[in-house]
Amino acid sequence: QVELVESGGGLAQAGGSLRLTCAASERTSRSAVMGWFRQAPGKEREFVAAISRSFGRTYYTDSVKGRFIISSDNAKNTVYLQMNSLKPEDTAVYYCAAKSYSSPSTTYMRPDQYNYWGQGTQVTVSS
């Protein structure tokens, strides 16, 4: 069973916007935390943003603060990543992830804390 499906990636110009969507299965929609990560060629997977299901609190890596917004629609089992003011360095494959159990927020940026992953969607930002 596919648990997470991303969509919305593509090509954008610097300064433009894209919105990524992550459709979650019934099981993963009950996860404590939903996150977005990205991986550029030759680099490690890095944390982008996360949202806690119970309180809706959001967390961002410093490089996207003020530009990206993570949100969720629990009725639709969907998580979004609105990406504004895109930069060429945002180019990467973006992954949606689900973390079943709650833990201190300091763990949200660690990929090994997430037990479900989507297949990824490519985002390319041209200068």
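Being a predicted model, the structure only gives us computed values, none of them experimental.
At least one side-chain heavy atom of R67 sits under 4.5 Å from a side-chain heavy atom of D90. Between T107 and K99, the closest side-chain pair of non-hydrogen atoms falls below 4.5 Å.
Atom CZ of R38 sits about 14.0 Å away from atom CD of E44, to the nearest 0.5 Å. Taken to the nearest 0.5 Å, the OG atom of S63 stands 8.5 Å off from the CD atom of E89. Separation of atoms CE (M83) and CD1 (I69) is listed at 12.0 Å; rounding is to 0.5 Å.
Note: the hydrophobic cluster containing L86 also contains I70 (ILVMFWY, side chain heavy atoms under 4.5 Å, direct or indirect links). A continuous path of hydrophobic side-chain contacts links V123 to L81 [ILVMFWY only; heavy atoms under 4.5 Å]. Residues V125 and W36 share a hydrophobic cluster, clusters being chains of Ile/Leu/Val/Met/Phe/Trp/Tyr side chains in contact below 4.5 Å. Under the 4.5 Å side-chain heavy-atom criterion for ILVMFWY residues, no single connected hydrophobic cluster contains both F47 and V79. Under a hydrophobic-cluster definition in which Ile, Leu, Val, Met, Phe, Trp and Tyr are linked whenever side-chain heavy atoms come within less than 4.5 Å, directly or via other members, M109 and Y95 are assigned to the same cluster.
Contact between K76 and T78 at its shortest, heavy atoms only, is O-OG1, 2.8 Å. Counting all heavy atoms, side chain and backbone alike, S100 lies closest to N115 at OG-ND2, 2.6 Å. Between V33 and A50, the shortest heavy-atom contact is CG1-CB, 4.0 Å. Considering every non-hydrogen atom in both S103 and Q113, the closest pair reads OG-OE1, 4.2 Å.
Within the structure, salt bridge (charged side-chain N to carboxylate O under 4.0 Å, His left out) contacts touching residues 118-127 (residues at least two apart or in different chains) do not occur. For residues 47-56, there are no side-chain hydrogen bond (donor to acceptor under 3.5 Å, both in side chains) pairs, not counting sequence neighbours. Identified under the ring pair (Phe, Tyr, Trp, His ring centres under 6.0 Å) test for residues 2-32, with sequence neighbours left out: none. Note on residues 104-123: pairs passing ring pair (Phe, Tyr, Trp, His ring centres under 6.0 Å), not counting sequence neighbours, are F37-Y114, F37-W117, Y59-Y108.
Side chain of T121 to backbone of E6: no donor-acceptor contact under 3.5 angstrom is found. Put simply, the side chain of S31 never gets that close to the backbone of M34: no donor and acceptor are under 3.5 Å apart.
For E26, the salt bridge (Lys or Arg N to Asp or Glu O under 4.0 Å) partners at least two apart in sequence or on another chain are R30.
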Distance-only donor-acceptor hits, side chain of residues 7-23, under 3.5 Å, sequence neighbours excluded:
residue, atom, partner, partner atom, Å
S17, OG, N84, OD1, 3.0

field: Evaluation steps, side chain to side chain contact (heavy atoms under 4.5 Å, CB included), between Y80 and D73
entry: CA-CA 8 Å; Y80 305 97; D73 185 335; 4.0 Å; yes
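Using a 4.0 Å cut-off between a side-chain N of Lys or Arg and a carboxylate O of Asp or Glu, K65 and D62 qualify as a salt bridge.
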